[in-house]
Amino acid sequence: MSTRNVIVSLVVAAGCATPALAQDSTGRGAGLPGDAVGAYDPAAQRLNYVIDMSNLFGSWNTRFGIAPLIKTNKTSALFFNNLPSAAGVSSTARRNVPPPAPAYSEWFAPGFGVNPDVTRNFPGSPVPAPEAYTRLGAVVADFGTDTGNFNYNGIIGAIFGYEPSFPTRLYVTRYQVAQNQPAFGAPDTAQFGLGAVDSSGNVAMRADNFGIADTVNGITGNNYFRVRMNARTPGAINQIRNTGGTDAAATDWIDLLSPLDAVRSNPVSHNTPNILPIELGTGGFAHVVGSNFDRNFVWESPVFAGFNATAAHRPGTGDHRGGVHVHPVPLMGGPGDV
């Protein structure tokens, strides 16, 4: 099976809400509270587990792989877990790279899973990671009303991969990318718009202050962030607020190049961003790109140092529609994957 065909299959695995027969997890008891992890549990900010995909056949008998890649968080005692909104998978894959964890959890029976609270899940059995795999990234936003009646909004991501000789087994490292509160029951400081992820775990996202409860510590205007999942501090909460991400070592608040081009606290509405994957960017960094309601294409350059804006992408037109998409294109007749 080619890398491109596997990637197509994984898009279904990451984004499809249809029930699957592959490995899932359930709570130890029937009914609530279930076994979804808490968004603010320090032990749940990074979790490692394997998933075996099941077959899903299309109308033309095309075979896909499907699996419950990421379960949303639990923020209320009234519900099993939050609702998902936007989701995505990286447009490129990295071959022959080491996984970020030495071992992954495996289970085959009800009641087992990755929740650190042993009253919710029996722990799985560790299986060693492969020496190298083909790596991708995935991301999903989730939202819900928390126990304090505040509007929780979060971003969950995963760095995952497979061995080419065994493409139906996925080795998943799940990360809590960002949250909009310091803890359950605390006023929210931002609301998020999910952008994109690359195969190295770089996540591009948007943050604004729409309807936030904490206007003192809350973000203002339109903002673009990049969170590097593999740099997330173990056990640290990454709250987005008016000083940036609390896990500053992993969170880049894209700075301004000039007041007109800034995407930090910008009053101009900006669409959710996309990301130029690290293997296609310059200097070994993933660059954030996007568009705004001033009819400009905006891009990060140089990395960390600022944003540029231009209307040169739409000659002879008065406006553009929607956000920016990034997709690798083969220029010399190659397969088009990295």
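This chain uses plain numbering: 1 for the first residue, then up along the sequence.
- Under the 3.5 Å distance criterion, the side-chain polar atoms of N209 are left unmatched by any main-chain donor or acceptor of I212.
- A donor-acceptor pair is defined here as one N or O able to donate and one able to accept, closer than 3.5 Å; such a pair exists between the side chain of T26 and the backbone of G111.
- For T189 and N180, the side-chain atoms include no donor-acceptor pair closer than 3.5 Å.
- V197 and Y171 fall within a single hydrophobic cluster, where Ile, Leu, Val, Met, Phe, Trp and Tyr are joined by side-chain heavy atoms under 4.5 Å apart, directly or via other members.
- In plain terms, the two heavy atoms of R206 and D208 that are nearest each other are NH1-OD2, 2.5 Å.
- Of the N and O atoms on the side chains of Y133 and N96, not one donor lies less than 3.5 Å from an acceptor on the other residue.
- Taking the side chain as every heavy atom from C-beta outward, V114 and W107 approach each other to under 4.5 Å.
- Atom CG of D142 is separated from atom CG of L194 by 10.5 Å, given to the nearest 0.5 angstrom.
- Under the 3.5 Å distance criterion, with hydrogens and angles disregarded, a donor-acceptor pair is assigned to the side chains of N73 and Q176.
- Residues Q45 and P234 fail the side-chain proximity criterion, which asks for heavy atoms closer than 4.5 Å.
- Nearest heavy atoms, A93 versus L136: CB-CG, 4.1 Å.
- A single hydrophobic cluster is seen to contain both Y49 and V37, as judged by linkage of ILVMFWY side chains at heavy-atom distances under 4.5 Å, directly or through other members.
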Worked verdict on N202 versus M229 for side-chain contact (heavy atoms from CB on, under 4.5 Å): CA-CA 6 Å; N202 297 290; M229 286 193 276; over 6 Å; no
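- Between D252 and R228 there is a salt bridge, since at least one side-chain N of the basic residue sits less than 4.0 Å from a carboxylate O of the acidic one.
- For A178, the side-chain contact (heavy atoms from CB on, under 4.5 Å) partners at least two apart in sequence or on another chain are F192, M205, N238, I240.
- The backbone N or O of E300 lies less than 3.5 Å from a partner atom in the side chain of H287, making a donor-acceptor pair.
- Residues P126 and A103 approach most closely at CB-CB, 4.4 Å, considering heavy atoms.
- Annotation for P84 and V140: closest pair CB-CG2, 4.0 Å, computed over non-hydrogen atoms.
- Residue R174 holds its CZ atom at 6.0 Å from CG of L47, rounded to the nearest 0.5 Å.
- Within a 6.0 Å radius of CZ in F143, more than 12 heavy atoms belonging to other residues, nucleotides or ligands are found.
- Using a 4.5 Å cut-off on side-chain heavy atoms (C-beta onward), I219 and W253 make contact.
- Note: I66 CD1 to N55 CG = 10.5 Å, rounded to the nearest 0.5 Å.
- The backbone N or O of T220 sits less than 3.5 Å from a side-chain atom of N223, completing a donor-acceptor pair.
- Judged by distance alone, with hydrogens and angles left aside, the side-chain atoms of T62 form no donor-acceptor pair with the main-chain N or O of G58 at under 3.5 Å.
- Hydrophobic clustering, with ILVMFWY side chains joined whenever heavy atoms are under 4.5 angstrom apart, keeps V139 apart from I237.
- Atom CG of N151 is separated from atom OG1 of T145 by 5.5 Å, given to the nearest 0.5 angstrom.
- T119 and D117 are linked by a side-chain donor-acceptor pair at a separation below 3.5 angstrom, with hydrogens and angles left out of the test.
- With rounding to the nearest 0.5 Å, the separation of CG in D294 from NE2 in H270 is 7.5 Å.
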When the side chains of residues 316-326 are checked against the rest of the protein, which donor-acceptor pairs come out under 3.5 Å, sequence neighbours left out?
| residue | atom | partner | partner atom | Å |
| --- | --- | --- | --- | --- |
| T317 | OG1 | R314 | O | 2.7 |
| H320 | ND1 | H313 | NE2 | 2.9 |
| H320 | NE2 | N292 | O | 3.0 |

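- Nearest approach of S291 to V298, heavy atoms of both residues: N-CG2, 3.8 Å.
- Remark: F210 CZ is loosely packed, at most 12 non-hydrogen atoms of other residues, nucleotides or ligands lying under 6.0 Å away.
- Grouping the Ile, Leu, Val, Met, Phe, Trp and Tyr side chains by contacts below 4.5 angstrom, directly or via other members, places I275 apart from F160.
- Residues F112 and N121 have side chains not in contact (no heavy-atom distance under 4.5 Å, counting atoms from C-beta outward).
- Using a 4.5 Å cut-off on side-chain heavy atoms (C-beta onward), I254 and R226 make contact.
- Atoms CG and CG, from D146 and D188 in turn, are 8.5 Å apart once rounded to the nearest 0.5 Å.
- When the side chains of ILVMFWY residues are joined at heavy-atom separations under 4.5 Å, either directly or via intervening members, Y162 and L69 end up in a single hydrophobic cluster.
- Side-chain contact between I155 and Q179: absent, with no pair of heavy atoms (C-beta onward) separated by less than 4.5 Å.
- Side-chain contact of Q181 with Y40: a donor-acceptor pair under 3.5 Å is present, judged by distance alone.
- Two residues are said to be in side-chain contact when any heavy atoms from C-beta on lie closer than 4.5 Å; R135 and I159 meet this criterion.
- Applying the side-chain contact (heavy atoms from CB on, under 4.5 Å) test to T173 and every residue at least two apart in sequence or in another chain returns R46, N48, P100, A101, Y104, Y175.
- Side-chain contact check for P99 versus P130: some heavy-atom pair is nearer than 4.5 Å.
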side-chain contact (heavy atoms from CB on, under 4.5 Å) between R232 and D247, intermediate numbers included: CA-CA 7 Å; R232 285 281 281 116; D247 189 1; 2.5 Å; yes
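- Under 3.5 Å, the side chains of T72 and N81 contain a donor-acceptor pair of N or O atoms.
- Closest heavy-atom contact between S105 and G124: OG-CA, 3.3 Å.
- Side chains of N82 and T75: a donor-acceptor N/O pair is present below 3.5 angstrom, by distance only.
- Salt bridge annotation for D35-R28: absent, with no cationic side-chain nitrogen under 4.0 angstrom from a carboxylate oxygen.
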